[in-house]
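Only one structure is covered here, and it is reproduced in the block below.
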Amino acid sequence: MPMLEITPIMLSKDYDGKYLYAEDTLQETGLLGRLLAEGYHYTVSISGSQREVGTGVSRIQSFVLYDENWKNVTDQYKVVYNDGVLEVR
């Protein structure tokens, strides 16, 4: 079974007193990038926020991979979930 490693995109901003919230977007590299180029799609839900200067974590809550015909093929991969980074400077 192929391994699919997924990571939320890194987000950063300058301090403004408001929260920086995670976005439902993944780094489209490696195997995921190749699958997307072949017409695959995904849905993802990512949570996390950072308000003060420093770093926080964005964490994947759910992920589903679909082939070019929108058939769920997630179970055909060993999915490894990595945390992402939220940074307030």
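None of these values were measured; they are calculated from a predicted model.
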Taking C-beta and beyond as the side chain, do Asn82 and Glu5 meet within less than 4.5 Å on heavy atoms?
-> yes
Between Gln61 and Ser47, is a side chain to side chain donor-acceptor pair (under 3.5 Å) present by the stated rule, with each step listed?
-> CA-CA 7 Å; Gln61 301 300 312; Ser47 66; 2.8 Å; yes
Report yes if the side chains of Leu35 and Leu65 come closer than 4.5 Å at any heavy-atom pair, otherwise no.
-> yes
Grab the two heavy atoms, one from Ser58 and one from Ile46, that are nearest each other, plus how far apart they are.
-> CB-CG2, 3.9 Å
Of all heavy-atom pairs linking Arg59 and Asp83, the shortest is NH2-OD2, 2.8 Å
Single-linkage hydrophobic cluster, 4.5 Å side-chain cutoff, Leu20 and Tyr15 together | yes
Can you list the steps and then say if Glu38 with Glu68 is a side chain to side chain contact (heavy atoms under 4.5 Å, CB included)?
-> CA-CA 7 Å; Glu38 293 175 11; Glu68 63 278 1; 5.9 Å; no
Atom pair OG/CG of Ser49 and Leu86 - distance to nearest 0.5 Å | 7.5 Å
With the side chain counted from C-beta on, respond yes when Thr74 and Val79 share a heavy-atom pair under 4.5 Å apart, and no when they do not.
-> yes
Same hydrophobic cluster for Leu11 and Val44, using side-chain heavy-atom links shorter than 4.5 Å among ILVMFWY?
-> no
With side chains defined as the heavy atoms from C-beta onward, is the minimum distance between Tyr66 and Thr43 less than 4.5 Å?
-> yes
Are Tyr42 and Phe63 close enough that some pair of their side-chain heavy atoms sits under 4.5 Å apart?
-> yes
Option from Ile6, Ile9, Thr7, Leu36 for which side-chain contact (heavy atoms from CB on, under 4.5 Å) with Leu26 holds = Ile6
Begin with the C-alpha distance, continue with both residues' side-chain angles, and end with the deciding distance and a verdict on side chain to side chain contact (heavy atoms under 4.5 Å, CB included) for Val88 and Tyr19.
-> CA-CA 9 Å; Val88 176; Tyr19 281 96; over 6 Å; no
Shared ILVMFWY cluster between Leu31 and Tyr81, side chains joined below 4.5 angstrom?
-> yes
Would you check if Lys78 and Pro2 make a side-chain contact, meaning some heavy-atom pair closer than 4.5 Å?
-> no
NZ/Lys71 to CD/Gln76 distance, rounded to the nearest 0.5 angstrom?
-> 6.0 Å
Non-hydrogen atoms of Arg89 and Asp14 that approach each other most closely | NE-OD1, 3.1 Å
Side-chain heavy-atom pair Trp70, His41 within 4.5 angstrom cut-off | yes
Can you check whether Lys13 reaches Gln50 side chain to side chain, under 4.5 Å on heavy atoms?
-> no
